[in-house]
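Read the structure below first, then the notes.
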Amino acid sequence: MNISPKERFLDICHFKRPGDLYMSINLNRFWEQTLEKWVEQGAPEEIINPRFHREYFQFEHIRWLTKNKTDAIGEGREEVPSKIDLGHGITVRAWTLSPLVPTYEPRIVSEDESTVTLINAEGQAVKYIKDRVEELMPTFLDWPVKDRATWNEHKRRLDPNTPERWPADWNAYVQAMNGKSEPLS
């Protein structure tokens, strides 16, 4: 019996496939140092190649609801750019399509010879090592919610009724996405 990835995922979620594990890869990317360490510990050399990850890790495809040519989340929805240019030849990756509408305005908070600290599109204060921005995870220093007042300010960015979140043809979009054979995220 051959079932679609979506059916398999739903069966696992409803406890109909005990022992089965559904794995997906969010960004189709591992930290390079992690892969190198795994090879040192016995993983095959091919693991360095991202095209090998799906087969090796048995990842399934999940369709991401993002604003692009095939899966528009909504006209005018704020999409976090894939990279944020901080100037001085420094760009940092924006890891997610933020659920915040509007997102925070990314800005540099401080900078020295080797590091840059910024507020990202999700309002988090993060510190990067300048010459290793693409290789290392940033250090998370602070978050936008600290107390009731900051929560009240932040939660307005999570309002599900914000018109920019939804396409004008939402019902047609839902129908099209429900017809896909893979789970949606």
Side-chain angles (χ1 to χ4, degrees), residues 22-38 47-48 50-51 53-54 57 59-167 170 173 177 182-185:
Y22 193 95
M23 294 178 63
S24 70
I25 187 161
N26 295 353
L27 302 169
N28 199 20
R29 184 170 186 246
F30 289 96
W31 295 108
E32 188 175 326
Q33 297 89 337
T34 302
L35 295 171
E36 290 167 358
K37 186 59 92 175
W38 287 345
I47 202 171
I48 302 296
R51 294 179 183 183
H53 294 168
R54 183 173 177 174
F57 293 105
F59 288 130
E60 292 281 0
H61 177 74
I62 286 186
R63 180 173 295 276
W64 291 91
L65 297 179
T66 60
K67 184 179 178 183
N68 63 37
K69 289 181 171 69
T70 59
D71 290 342
I73 241 324
E75 292 300 318
R77 166 95 191 255
E78 279 191 66
E79 183 175 1
V80 177
S82 61
K83 291 191 177 185
I84 299 169
D85 185 358
L86 301 176
H88 312 292
I90 302 166
T91 58
V92 294
R93 187 175 304 277
W95 291 104
T96 63
L97 176 67
S98 179
L100 304 176
V101 176
T103 58
Y104 289 86
E105 184 67 34
R107 61 182 165 72
I108 294 176
V109 175
S110 65
E111 183 176 6
D112 60 30
E113 313 77 51
S114 59
T115 66
V116 60
T117 300
L118 65 121
I119 302 297
N120 65 20
E122 292 177 337
Q124 302 156 328
V126 293
K127 181 183 249 182
Y128 287 91
I129 298 175
K130 286 182 181 179
D131 62 351
R132 312 258 333 253
V133 167
E134 291 292 324
E135 301 170 28
L136 301 176
M137 179 181 273
T139 301
F140 288 81
L141 304 173
D142 199 10
W143 289 262
V145 177
K146 297 169 186 51
D147 52 29
R148 176 62 67 180
T150 54
W151 164 243
N152 288 334
E153 158 59 25
H154 186 79
K155 76 178 178 182
R156 73 178 178 80
R157 299 170 186 267
L158 299 170
D159 182 359
N161 297 314
T162 302
E164 295 82 11
R165 290 186 183 276
W166 312 104
W170 177 249
Y173 178 75
M177 292 300 102
E182 61 272 335
L184 302 175
S185 176

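Positions are given from 1, in the same order as the sequence printed here. No experiment lies behind these values; they were computed from the predicted model shown. Values below: all heavy atoms of this structure, side chains included; hydrogens, waters and symmetry mates excluded.
Residues meeting the side chain to side chain contact (heavy atoms under 4.5 Å, CB included) test with I119, sequence neighbours left out: R107, V109, A125. Remark: K127 engages T115, T117, T139, L141 in a side chain to side chain contact (heavy atoms under 4.5 Å, CB included) (not counting sequence neighbours). Take T150 and apply the side chain to side chain contact (heavy atoms under 4.5 Å, CB included) test, not counting sequence neighbours, and it matches V145, K146, D147. When the salt bridge (charged side-chain N to carboxylate O under 4.0 Å, His left out) test is applied to E36, no partner is found at least two apart in sequence or on another chain. With sequence neighbours excluded, the residues forming a ring-ring contact (aromatic ring centres under 6.0 Å, His included) with W38 are F30, F57, listed by chain and number.
Salt bridge status for K130 with E111: present, with a side-chain N to carboxylate O gap under 4.0 Å.
Contact detail for P144 and G123: the closest heavy-atom pair is CD-O, 3.4 Å. When all heavy atoms are compared, the tightest approach of P99 to L158 is O-CD2, 4.2 Å.
Y128 OH to I108 CD1: the interatomic distance, rounded to the nearest 0.5 Å, is 11.5 Å. For the atom pair L35 CG and Q33 CD, the distance stands at 9.0 Å (nearest 0.5 Å). In this structure, the separation between OH on Y104 and CD on Q124 is 9.5 Å, given to the nearest 0.5 Å. The CH2 atom of W151 sits 12.5 Å away from the CZ atom of R156 when rounded to the nearest 0.5 Å. In this structure, the separation between CG on L100 and NZ on K155 is 14.5 Å, given to the nearest 0.5 Å.
D112 is listed as a side-chain neighbour of S114, based on a closest heavy-atom distance under 4.5 Å.
Between the side chain of R157 and the backbone N or O of V101 there is no donor-acceptor pair closer than 3.5 Å.
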Trace of the side-chain contact (heavy atoms from CB on, under 4.5 Å) decision for E122 with W143 | CA-CA 9 Å; E122 292 177 337; W143 289 262; over 6 Å; no

